[in-house]
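Note sheet for the following structure.
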Amino acid sequence: MALRFFNTLSREKEEFTPLSQGTVRMYTCGPTVYNYAHIGNYRTYAFEDLLRRYLKFKGFRVVQVMNITDIDDKTIRDSQAEGISLAEFTGRYTEAFFQDLDSLFMERAEHYPRATEHVPEMVAIIEDLMQKGYAYKGEDQCIYYDISKFKDYGNLAHMVVEDLKIGARVAHDEYEKEHAGDFALWKAWDEQDGPVFWETSLGKGRPGWHIECSAMSMKYLGGSFDIHTGGVDNIFPHHQNEIAQSEAHTGCPFVRYWLHAEHLIVDGRKMSKSLGNTYTLREVREQGFSPLALRYLYISSHYRSRVNYTQESMEASEKALVRLRDFLVRLSDISKGGPPSKEIEGLTKARNDSFAEAMDDDLNSPQAVAVLFELVREVNTDIDKELLTREDASRVRDLIFSWDNVLGLQLSRVAPSDEMLPHEIEALMEKRKEARRRRDWNEADAIRDELKKRGVLLEDGPAGTRWKKAEPTLVDNK
RNA sequence: GGCGACGUACCCAAGUGGUAAGGGAGAGGUCUGCAAAACCUUUAUUCAGCGGUUCGAAUCCGCUCGUCGCCUCCA
């Protein structure tokens, strides 16, 4: 089975092979730390997390770089509005960003370079671009990239430069550029920048936005690397500009596979400040949903489709997770001895093939999740028939854990039911057991209701009474 | 104006030529003192509409309707 990705460059699914065998180098556009990131941002980061996890599942070593944009118009503007330094301001949101990554159980990338720490690298590229004639200094002392010099400009976005409706969103006179499509590599200092500037050979000023990604990706990954990702809105102009800068600088192909994630929408509508529906992770929690349910929502639709965040879709996600967790608890309760069965061995192998087949096909995670649920139902049926031995259960559990290394739903951390309960809860359970023995159902049901109020749910089965917490707890046993 | 995407059940969502996955919700049933969990059955003769190609179309082509994205610093 071959791993295939939809490459924005060709608009086709292409078989994936890394430049150097066994290692994948990928650059993932990270946050601009001027605010708390919203659940739409995390949709893209979750896609990138899924990508890196699946590459590792396939046996690749992954070197992932995610930039932290800690200087741009917004960070400067908003830090000044608060009257604090740029570093203090961006530090706050950078920290919050990493906390959110942890809450969503995203793996850490290998590098998180900050733009402010790579200005010399950017300056070097800009100097080279000027020398080669791809860049010019405007009357305003800003340095611009001349897109007319780069013959393939528009190749990623599949746009013809002449067709661009100039000035659709930016005032013509905002910058003194030769062409409206030219973009700033270096912005000359002005009073609004306050203390934020670098004294360089290019003059006093600060870097433009696009150049940081070229400089930092190539520094950590080389002039040509395997994968570059981001949200669809970055295709043009950001990623197009990165190509123009990088390839003009190095003379070799910049990125081999461009992958872009579609946006998340809320209640069927685009997130926007005016609609007041740009939720942060904190707000998701305040609505009573867990970050893991959000993660489930993310992977339950394909990354190139829009995903719709609604009350209903989040409730469905929570319930789906409960079903998976209940299944794992059920597996761990199996004590039947005996040899492992050939049927379970065959089933797990077949399902693992289906899982990989789905993920190989451009990360079809909804299909992969469907395979997971099929397995759950099939094995549940076997458990009902008392066919499953402890060894079979262990095999199934191992398979699900290996999938979950990709999906990241923390199924291996589901609290086992032999966890210690507070004494008074245990006493109540014992009391109920007595009541049931006396067939005093009123008493037994009253105790069950009482425990439910305390967040403990009871399930009576043939092997005795099982309990679980209403709110799942995760244990750190990884 | 240019380029492009999408429209599958009550909701979410796979499926790109071989006869409609999966999750949630609803209904009925098995099990259970009851409940919960689990399992079984059930809910699209049909994939926005209309034509065409084909032995065969949700899948390919054309048109129509509808929703949406990008077109210069938004994930």
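In what follows, every chain begins at residue 1, and chains take the letters A, B, ... in the order their sequences are listed. The structure displayed is predicted, hence computed values, not measured ones. Atom set for the values below is all heavy atoms of this structure, side chains included, hydrogens, waters and symmetry mates excluded.
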Quiz item: Is there a side-chain contact between A:E262 and A:V307, using heavy atoms and a 4.5 Å cut-off?
Solution: no

Quiz item: Only one of A:K468, A:K319, A:R466 clears salt bridge (Lys or Arg N to Asp or Glu O under 4.0 Å) with A:D326; which?
Solution: A:K468

Base-pairing mate for [N] - Watson-Crick or G-U, with both contacts under 3.5 Å:
N	result
B:rA21	none
B:rA57	none
B:rG1	B:rC71
B:rA48	B:rU64
B:rC31	none

Under 4.0 Å between any heavy atoms, over every strand shown, what does [X] touch: base, sugar-phosphate, or nothing? Just pick one.
X	result
A:S305	sugar-phosphate
A:A261	nothing
A:R206	nothing
A:G230	sugar-phosphate
A:E312	sugar-phosphate
A:M314	nothing
A:K468	nothing
A:H38	base
A:H158	sugar-phosphate
A:I265	nothing

Rounded to whole angstrom, note down the [atom1] distance from [N] over to [M].
N	M	atom1	value
B:rC50	B:rA36	P	44 Å
B:rG52	B:rC70	P	38 Å
B:rG62	B:rG24	P	39 Å
B:rU46	B:rA57	C1'	12 Å
B:rC55	B:rU8	C1'	25 Å
B:rG28	B:rG15	P	34 Å
B:rG18	B:rC11	P	27 Å
B:rC39	B:rC31	C1'	9 Å

Is the phosphate of [N], meaning OP1 or OP2, less than 4.0 Å from a side-chain N or O of [X]?
X	N	answer
A:K319	B:rA25	yes
A:N380	B:rA38	no
A:S301	B:rG23	no
A:N364	B:rA14	no
A:K270	B:rC70	yes
A:R377	B:rG22	yes
A:R323	B:rC39	yes
A:K452	B:rA35	no

Whole angstroms only, please: what is the [atom1]-[atom2] distance between [X] and [N]?
X	N	atom1	atom2	answer
A:Q240	B:rC74	CD	C1'	17 Å
A:R269	B:rC6	CZ	P	24 Å
A:Q311	B:rG24	CD	P	17 Å
A:N67	B:rA75	CG	P	11 Å
A:D326	B:rC39	CG	C1'	14 Å
A:F289	B:rC12	CZ	C1'	14 Å
A:R306	B:rA13	CZ	P	10 Å
A:E374	B:rA14	CD	C1'	11 Å

So, for [X] and [Y], is the gap between ring centers shorter than 6.0 Å?
X	Y	answer
A:Y279	A:H38	no
A:H210	A:F183	yes
A:F97	A:Y45	yes

Below 3.5 Å, does any donor atom in the side chain of [X] face an acceptor in the base of [N], or the other way round?
X	N	answer
A:D460	B:rC34	yes
A:R448	B:rA35	yes
A:K187	B:rC73	yes

Exercise. Run through A:E48, A:R52, A:R108 and flag the one making a side-chain hydrogen bond (donor to acceptor under 3.5 Å, both in side chains) with A:Q64.
Key: A:R52

Result block: side-chain N/O donor-acceptor pairs under 3.5 angstrom for residues 436-444 of chain A, not counting sequence neighbours:
| from | atom 1 | to | atom 2 | distance (Å) |
| --- | --- | --- | --- | --- |
| A:R436 | NH1 | A:D460 | OD1 | 3.4 |
| A:R437 | NH1 | A:E434 | OE2 | 2.6 |
| A:D440 | OD1 | A:E443 | N | 3.2 |

Quiz item: Taking atom types as modelled, is there a side-chain donor on A:Q99 or A:S103 under 3.5 Å from an acceptor on the other?
Solution: no

Self-check item: A:N352 versus A:W403, side-chain donor and acceptor atoms under 3.5 Å
Solution: yes

Quiz item: Quick one: on RNA chain B, does A:S300 or A:R304 contact a more 5' nucleotide (nearest heavy atom)?
Solution: A:R304

Exercise. Tell me which of A:N234 and A:D182 sits closer to the 5' end of RNA chain B, going by the nucleotide each one is nearest to.
Key: A:D182

Quiz item: Within the stacking criterion (centroid distance below 5.5 Å, interplanar angle below 30°), does A:F373 stack on B:rG22?
Solution: no

